[in-house]
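Quick notes on the structure that follows.
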Amino acid sequence: MESNNVKNLPKAYSPKEVEEKIYKLWQKSGFFTPKIDHKKKPFVISIPPPNITGSLHMGHALNNTIQDILVRYHRMKGDVTLWVPGTDHAGIATQNVVEKELKKEGLTRYDLGREKFIKRVWQWKEKYGSRIIDQLKKLGCSCDWTRLRFTLDESYSKAVRTAFVHYYNKGYIYKGPRIVNWCPRCHTAISDIEIKYKPQITKLYTFKYSKEFPISIATTRPETKLGDTAIAVNPKDKRYKKYIGQEIKTNFLGVNLKIKIISDRNVDPDFGTGALGVTPAHSMVDFEMAQANDLEIINVIGPEGKMTDKAGPYKGMRVNQAREKIVQDLKKQGLLEKVEDYEHSLSLCDRCGTPIEPLISEQWFVKMKELAQPAIEVVKKNKIKFIPKRYKKIYLNWMENLKDWCISRQLWWGHQFPVFYCSKKLEESKNKKAKLKINEKYFVVSEEKPKKCPFCGKCDMVQETDVLDTWFSSALWPFATLGWPEQTDDLKYFYPTTFLCTAPEILYLWVARMIFSSLEFMKTIPFKTVYLHSTVLTKEGRRMSKSLGTGVDPLELIDKYGADATRFGIIYQTTRDLQAIHFGEEALLASQKFINKLWNIGRFILTQDPISPCQRGRCPKGRGGGSNTQNLTLQVITRRVTKPNTLTDKWILSRLNNVIKETTNLIEKYELGKAEHLIYEFIWHEFADWYVEISKKEKNIPLTKEIYLTLLKLLHPFIPFSTEKIYSYFNKQKQQLLIFANWPLIKENLIDKKSEKDFKIIQNFIIKLRNIKKENKINPSQIISVYILKKESKYFNLIQKQRKIIEHLSKTKLKFVDKKPKGVKLNFKNIEVFIITNN
RNA sequence: GGGCUCGUAGUUCAGUGGUUAGAACACUUCGUUGACAUCGAAGAGAUCGGUGGUUCAAUUCCACCCGAGCCCACCA
């Protein structure tokens, strides 16, 4: 570091000039890359890979600060510490971003074609995909960048293919027509958990299919009713009992329907007419009823969100259009009985906000039942611990009611299925326009494309066009990043990882899936502890969102306050188990002040240092400490060692060791906010306000320095940049980085309750004297005489012994007298104290 | 509809079955300009969301209610 002379030490810490340089030093040191040491147990975190479309938001800032604190702490403790970084290709999200870009050029992905489109996405990735990585570095994250991974890396893709083939061979993967959530905009199936619900007021229409039809039904979506194949009623409903089992043919606005009357317990007799028109192809619940009752399934809505040819006169219309027209027609024909307002939740695509159409389509699924079982066990048996604890129940409840996982997406950006079709047979099946059923298998599942088609022996096999759900690849993250399926040294040594820190919203999407994937492929848990951190909300408790304008950009905060203050401030307002934090910028300002305070304590100590240039009279400001300190400098040089000499020394060392102990405990329990509060209080209100102040009178510079350096170490995981910078001024010769420093050891023998108690008494006495001054409107800086009546008592002796400190800090002159003087009397621990107020 | 979290000073949060409920920031007053324009000291500020119950005693335990937020399910 070039300018670490004390005389160059600026008055305040300025993050902008410092942080980037420091980060480069760290990187150059190579210290973030651990060396495998089989004698030691490693500490390992896999970063939740941010999307390449992402930009650092408050959730990331909190999440990665937590991880970095733990990683730095463990590194200092001497653990072999690895933080694996990486990014996620994020199928739908990224594809949408690039599609939006294309749209500006008046193009769609179909104009480019699959190959060119993917190329385009890769270009986009090269250009913007590492943005978030740079932002993580700005935050100070000490990841091992030599191990950076991306979920579409060739080696990672291999892991994905291996996993797929494994599942398939075990019989866990099946393909079939099922009802899925279909996004007509993204043109793909999405899973249940990728849907967001939005309450909306719509109309509930009550009508009959035809005049002669005996039962009326109610629906919010009349257009789907063209695909009805049944009416479901509650088995106990007397009104409809007689119809159950009947099949009625009718014509509904030009479309012939065969309606079977079935009974189902889930039908609420009080809702609408108590009769539910069953549309197997376009409603999740109805699909299940159709399967249970062996009903015909008719698609009336196509993948574009348009009515199919099964919709008779409404063919080709958009869904909304068809709805309007049908309502008009129902009215015209006198079939519409009632229209009322009705509030329900509209399903929207999480990624693009388009209303979801439940549709029947051919999709790939993973059977979950067997996979879930061991994943339930390990959590039940606390092999994996959740923090906060409450998530254990939430996790288990979800896992115990797990549905099969739809893993196919009709996208282009992602891992293409390692499934190869016989082109000849594929062609044939298309021509047949067969029902959505596969009776005949004409594909092979294989990591590589077979050279020869096993079905016809001569065709060029074609790969399944679908890509895998992004989460299928993320599920392999903790072990695939370490080299799986290869048995690499990394994998052998660093797996399973130690700690996972992520947002609670991806508990199901990601955490659960990593657990069962790891148990399946690695035969072990992926991590020992899962920490689901608080959600960062605005101060008013509202969700942070760009579109609402309620977002706070951590990069702006870093720019304004520095990375350290941003980190410290966020953690300062965090409590470990809290579900949400209401983010306020004030804490960052406070943190900035705190860092500045820390900086200035350092500055003070440096200028007091006998070997510093200031003390040798070379300081431009003159003689560093003034005449008073010159004498003291001599004292300092008389080999005072870092040993407690005085009560003050004993007290501060005792307190310091308590703080080290407590801080260590709190970090081990992930109570990072509390740890910060503790250190903050100690540094400011014990070390600075008392110890450093007293040290101006009773010098023990080596000890002061030692304590200070210990505090820098304690703080380093929280505020790595500023502590590193200050540390450099204390290490002019050695040039050793603080990241190499060891975590402070607790010296139990220095914990000294007696000294703490005694010092507390001195503190109280000083405070009392200051109060008296204030009460009597005496200027605090005015030195007054305080008369203390001599007495045989331990407190008297204590006060007498600590006379200098008391005088110094209370700006008084103590006089120990035999006779009671005139003046205001106060009692302190049975000691009679007098002051004269009207000088 | 089900589950969960939270409601304590102006603000963000600690905290505890029992003497005057804490901190930080903000605020007020006084003082400081040779570590700290980002300093010091002192101080004001809370009927601990509401109601009822358990208890000798509740902010702390229980029930209900109100308010804020999250997750899951979803009735057509």
Side-chain angles (χ1 to χ4, degrees), chain A residues 9 11-13 192-193 197 204-206 217-221 224-225 228 231-232 266-268 270-279 282-286 289 342 344-345 347 388 390-391 393-394 397-398 401 504-505 507-508 534-535 537 539-543 569 572-575 577-608 614 619 621-626 628-629 673-674 676-678 680-681 684-685 688-689 692-693 696 766-767 770-771 773-775 777-782 809-811:
Chain A
L9 189 63
K11 265 198 164 183
Y13 168 67
D192 294 349
I193 33 190
Y197 296 92
L204 182 68
Y205 305 94
T206 306
I217 56 163
T219 183
T220 54
R221 301 197 55 194
T224 63
K225 299 288 112 183
D228 279 12
I231 280 181
N266 293 319
V267 176
D268 176 2
D270 297 327
F271 186 90
T273 61
L276 159 69
V278 182
T279 322
H282 304 291
S283 153
M284 298 287 173
V285 207
D286 296 13
M289 285 188 200
Y342 176 64
H344 77 166
S345 299
S347 330
R390 68 185 111 97
Y391 286 110
K393 224 166 70 187
I394 297 173
N397 186 41
W398 159 265
N401 298 293
E505 62 194 29
L507 175 62
Y508 308 131
S534 317
T535 310
L537 302 177
K539 209 168 177 182
E540 293 74 32
R542 299 183 58 198
R543 197 172 193 99
Y572 195 83
Q573 41 191 316
T574 306
T575 306
D577 292 353
L578 215 55
Q579 184 243 44
I581 67 172
H582 292 191
F583 177 79
E585 220 173 295
E586 295 88 341
L588 305 213
L589 192 72
S591 305
Q592 197 184 26
K593 288 182 183 175
F594 171 66
I595 291 165
N596 196 60
K597 180 78 183 177
L598 182 73
W599 181 267
N600 275 292
I601 299 168
R603 252 184 103 208
F604 172 74
I605 295 170
L606 283 167
T607 55
Q608 298 299 301
C614 282
C619 185
K621 273 189 177 167
R623 295 163 311 180
N628 197 19
T629 22
K674 280 182 189 163
E676 280 193 359
H677 280 267
L678 178 73
Y680 181 106
E681 289 301 308
W684 207 315
H685 299 304
D689 289 354
V692 175
E693 283 310 315
K696 288 174 181 170
I766 292 164
I767 289 168
R770 285 170 178 166
N771 276 335
K773 274 189 171 177
K774 165 118 184 168
E775 275 162 26
K777 298 202 167 80
I778 298 166
N779 188 320
S781 61
Q782 188 190 327
L809 289 183
S810 62
K811 304 253 157 113

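Here is the naming used below: chain letters follow the sequence lines, and residue numbers restart at 1 for every chain.
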Suppose you measure atom [atom1] in [N] against the same atom in [M]; what distance do you get, rounded to whole Å?
N: B/U54; M: B/U60; atom1: P; answer: 15 Å
N: B/G52; M: B/U20; atom1: C1'; answer: 29 Å
N: B/A24; M: B/G40; atom1: P; answer: 11 Å
N: B/A44; M: B/U28; atom1: C1'; answer: 7 Å
N: B/A57; M: B/A73; atom1: C1'; answer: 44 Å
N: B/A58; M: B/G50; atom1: C1'; answer: 15 Å
N: B/A9; M: B/G45; atom1: C1'; answer: 6 Å

What does [X] touch in the nucleic acid at a heavy-atom separation under 4.0 angstrom: a base, only the sugar-phosphate, or nothing?
X: A/I595; result: nothing
X: A/K225; result: sugar-phosphate
X: A/T535; result: nothing
X: A/K773; result: nothing
X: A/L537; result: sugar-phosphate
X: A/D286; result: nothing
X: A/G584; result: nothing
X: A/V267; result: base
X: A/N397; result: nothing

Identify which nucleotide among [options] has an atom closest to any side-chain atom of [X], counting heavy atoms from C-beta outward.
X: A/R770; options: B/C75, B/A41, B/G69; value: B/A41
X: A/P780; options: B/C36, B/C30, B/C74; value: B/C30
X: A/K539; options: B/U12, B/C36, B/U5; value: B/U12
X: A/Y508; options: B/A35, B/C71, B/A41; value: B/C71
X: A/W398; options: B/A73, B/C6, B/C36; value: B/A73

To the nearest Å, how far apart are [X] [atom1] and [N] [atom2]?
X: A/N779; N: B/U29; atom1: CG; atom2: P; answer: 16 Å
X: A/D577; N: B/G15; atom1: CG; atom2: P; answer: 10 Å
X: A/L507; N: B/C4; atom1: CG; atom2: C1'; answer: 13 Å
X: A/R603; N: B/A37; atom1: CZ; atom2: C1'; answer: 12 Å
X: A/F583; N: B/C70; atom1: CZ; atom2: C1'; answer: 20 Å
X: A/I581; N: B/U5; atom1: CD1; atom2: P; answer: 19 Å
X: A/E505; N: B/C4; atom1: CD; atom2: P; answer: 21 Å
X: A/E540; N: B/C70; atom1: CD; atom2: P; answer: 14 Å

On the nucleotide [N], are OP1 or OP2 found under 4.0 Å from the side-chain N or O atoms that [X] carries?
X: A/K597; N: B/C36; result: no
X: A/R542; N: B/A68; result: no
X: A/T575; N: B/A14; result: yes

*Mind checking whether A/W398 and A/Y508 have parallel, tilted or perpendicular rings, split at 30° and 60°?*
parallel
*asked:* Both A/W599 and A/L204 contact RNA chain B. Which one's nearest nucleotide lies toward the 5' end?
replied: A/W599
_Upstream residue (5' side of RNA chain B) when A/I601 and A/Q573 are each assigned their closest nucleotide_ = A/Q573
Write out a two-atom table: protein N or O, nucleotide N or O from nucleotides 19-25 of chain B, distance below 3.5 Å.
unit_1: B/A23; atom_1: O2'; unit_2: A/E681; atom_2: OE2; d: 2.9
unit_1: B/A24; atom_1: OP1; unit_2: A/H685; atom_2: NE2; d: 3.1
unit_1: B/A24; atom_1: O4'; unit_2: A/Y572; atom_2: OH; d: 3.3
unit_1: B/A24; atom_1: O3'; unit_2: A/Y680; atom_2: OH; d: 2.9
unit_1: B/C25; atom_1: OP1; unit_2: A/Y680; atom_2: OH; d: 3.2

Going by side-chain hydrogen bond (donor to acceptor under 3.5 Å, both in side chains), name the residues that satisfy it together with [X], two or more places apart in sequence or in a different chain.
X: A/T535; answer: none
X: A/K593; answer: none
X: A/S810; answer: A/T812
X: A/D689; answer: A/H685

Side chains of [X] and [Y], heavy atoms from C-beta outward: is any pair under 4.5 Å?
X: A/T574; Y: A/E676; value: no
X: A/L588; Y: A/F583; value: yes
X: A/I217; Y: A/D228; value: yes

*Side-chain (A/S534) to main-chain (A/I581) donor-acceptor, under 3.5 angstrom*: no
*Any chance you could encode RNA chain B as dot-bracket? Rule is Watson-Crick or G-U wobble with both distances under 3.5 Å; [ ] for pairs crossing earlier ones, | for another strand.*
(((((((..((((....[...)))).(((((.......))))).....(((((..]....))))))))))))....
*Apply ring pair (Phe, Tyr, Trp, His ring centres under 6.0 Å) to A/F594 and list each qualifying residue two or more places apart in sequence or on a separate chain.*
A/F568, A/Y680
*asked:* Restricting to ring pair (Phe, Tyr, Trp, His ring centres under 6.0 Å), what partner residues turn up for A/H582, sequence neighbours left out?
replied: none
*Please identify each residue that fulfils salt bridge (charged side-chain N to carboxylate O under 4.0 Å, His left out) with A/D286, with sequence neighbours left out.*
none
